[in-house]
Amino acid sequence: MRKVLLAIKGLHARVQNQEILHGLDLEIRSGEFHVLMGPNGSGKSTLSSVLMGHTSYEVSAGAVQWEGKNLLKMKPEERARAGLFLSFQHPREIPGVNLVSFLKSSYNAVQTKDAKISLFQFKKMLIDKMSVAGMPLGFMNRYLNVGFSGGEKKKCEILQMVLLEPKLAILDEPDSGMDLDAVKDICRVIKALRNPKQSFLLITHNPRILDCVLPDYVHLMVEGKIVKSGGVELAKRIEKEGYVNFMKAKGLKIL
């Protein structure tokens, strides 16, 4: 039986005194691929921020276990070292910091002290990782995300995932604002990385991405909780009927 990586039970969270998550339950095991869908404002990105320890969000109730340990007591950097990764929906530009320096610092930060490597060794490894992520080598010495297109910024996030090899990668709408070829590139990378030790939680509004990446589970999130779970057929039905009609047919609460 696969090992439970993440176990969320009855999670409530708020920001600026407004509760966004209302008793969310979710369990992810090693090697599983989960997709989280839902209307705008349903709390999907809030969940990802809470899991990574964003200080603007306050957990008011519930529990989150990471490999049997209390994730909520861990600092963000401890969560990253433990194998949790988040690709941002809107990556920020950081002038003055080139991609190599940023990635090397990120890589060394999640390694044990003895595993840290030199710049020469890192560049050699990075060349291979950039090839996997479909990132041109010319980006290596450019400032992080500065002047990058929307698709290039998303590819840079995927490159970080390829480099860090997390146990659970949370991908917050990696397909938004990207053309079809770029989405196919992301699917190709995910397919290449899927293995029994790495899990994914993909947040998306676009069920079509599931045409090239077959998930194990699809979850529908509404008003801060998961109200329906299933396989890829759930995403296809939501795409066909729309959120409102699907929820009416299932007798679910319509907001």
Side-chain angles (χ1 to χ4, degrees), residues 4-29 32-66 70-74 76 79 84-91 168-177 199-210 213 215-255:
V4 176
L5 277 180
L6 182 72
I8 306 172
K9 296 182 179 180
L11 182 63
H12 291 251
R14 58 193 176 202
V15 59
Q16 296 179 347
N17 295 321
Q18 179 180 358
E19 187 163 281
I20 306 297
L21 302 183
H22 303 277
L24 184 141
D25 298 308
L26 178 64
E27 184 175 278
I28 299 177
R29 295 176 179 272
E32 291 182 344
F33 191 111
H34 292 246
V35 170
L36 188 61
M37 302 178 65
N40 288 329
S42 57
K44 302 183 298 298
S45 292
T46 293
L47 173 62
S48 65
S49 295
V50 168
L51 292 177
M52 286 308 303
H54 196 302
T55 55
S56 295
Y57 297 87
E58 179 187 355
V59 174
S60 53
V64 182
Q65 296 287 315
W66 175 260
N70 187 347
L71 182 73
L72 300 178
K73 289 187 176 181
M74 299 167 65
R79 302 180 193 201
L84 192 60
F85 172 85
L86 170 64
S87 73
F88 293 109
Q89 184 177 348
H90 303 291
L168 172 60
I170 304 171
L171 308 178
D172 192 358
E173 297 194 28
D175 51 330
S176 65
S199 303
F200 294 87
L201 176 60
L202 172 66
I203 299 172
T204 185
H205 284 290
N206 184 8
R208 293 182 181 178
I209 194 174
L210 306 186
V213 179
D216 298 301
Y217 301 96
V218 175
H219 309 284
L220 173 59
M221 187 172 180
V222 178
E223 201 179 25
K225 62 169 59 177
I226 292 173
V227 298
K228 187 72 177 177
S229 296
V232 70
E233 72 283 350
L234 174 59
K236 296 300 183 183
R237 184 170 176 186
I238 290 173
E239 180 184 21
K240 181 180 179 180
E241 300 178 14
Y243 288 116
V244 172
N245 289 335
F246 175 82
M247 292 164 66
K248 282 182 178 180
K250 288 295 184 179
L252 301 171
K253 181 180 179 181
I254 302 174
L255 306 177

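Keep in mind that what you see is a predicted model, and the values were worked out from it rather than measured.
Residues forming a side-chain hydrogen bond (donor to acceptor under 3.5 Å, both in side chains) with S87 (at least two apart in sequence, or on another chain): none. Residues satisfying the side-chain hydrogen bond (donor to acceptor under 3.5 Å, both in side chains) criterion with H22, sequence neighbours excluded, are E19. Residues passing the salt bridge (Lys or Arg N to Asp or Glu O under 4.0 Å) test with R79: none are found, sequence neighbours excluded.
Using bins of under 30°, 30° to 60° and over 60° for the plane-to-plane angle, the ring pair Y217/H219 lands in the parallel bin.
Atom CG in L71 sits 8.5 Å away from atom CD in Q65 (nearest 0.5 Å). In this structure, L84 CG and L51 CG are separated by 6.5 Å, a value rounded to the nearest 0.5 Å. A distance of 10.5 Å separates CG in L168 from CD in E32, rounded to the nearest 0.5 Å. R14 CZ to S60 OG: the interatomic distance, rounded to the nearest 0.5 Å, is 5.0 Å. Put simply, CG on L11 and CD1 on I20 are 12.0 Å apart, with the number rounded to the nearest 0.5 Å. Annotation: the span from L171 atom CG to I209 atom CD1 amounts to 8.5 Å, rounded to 0.5 Å.
Residue Y243 places its OH atom among more than 12 non-hydrogen atoms of other residues, nucleotides or ligands, all under 6.0 Å distant. More than 12 heavy atoms of other shown residues, nucleotides or ligands fall within 6.0 angstrom of atom NE2 in H205. Around the NZ atom of K236, the shell of radius 6.0 Å holds more than 12 heavy atoms that belong to other residues, nucleotides or ligands. Heavy-atom neighbours of E233 CD from other residues, nucleotides or ligands within 6.0 Å: above the threshold of 12.
Counting heavy atoms from C-beta on, the side chains of L201 and L6 never come closer than 4.5 Å. Contact of the V59 side chain with the V64 side chain is not registered, since no non-hydrogen atoms from C-beta on lie closer than 4.5 Å. The side-chain heavy atoms of F246 and L220, taken from C-beta on, include a pair separated by under 4.5 Å. At least one side-chain heavy atom of K9 sits less than 4.5 Å from a side-chain heavy atom of D25. Two residues are said to be in side-chain contact when any heavy atoms from C-beta on lie closer than 4.5 Å; M221 and I203 fail this criterion.
Nearest heavy atom pair, residue V35 against residue M37, reads CG1-CG, 3.8 Å. Across every non-hydrogen atom of P215 and V213, the tightest pair is CD-O, 3.2 Å. Minimum heavy-atom separation, S48 to I170: CB-CG2, 3.9 Å. Looking at every heavy atom in both residues, L5 comes nearest to S199 through CD1-OG, 3.5 Å.
Here E223 does not pair with K225 in a salt bridge; the nearest charged N to carboxylate O distance is not below 4.0 Å.
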List the steps, then state whether side-chain contact (heavy atoms from CB on, under 4.5 Å) holds for I8 with L47. CA-CA 10 Å; I8 306 172; L47 173 62; 4.1 Å; yes
Take V15 and T46 through the side-chain contact (heavy atoms from CB on, under 4.5 Å) test and state the conclusion after the steps. CA-CA 9 Å; V15 59; T46 293; 5.7 Å; no
side-chain contact (heavy atoms from CB on, under 4.5 Å) between V4 and R29: does it pass, once the steps are laid out? CA-CA 4 Å; V4 176; R29 295 176 179 272; 3.2 Å; yes
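No side-chain donor-acceptor contact under 3.5 Å links D216 to the backbone of H34. The closest donor-acceptor contact from the side chain of K44 to the backbone of L36 lies at 3.5 Å or more, if one exists at all.
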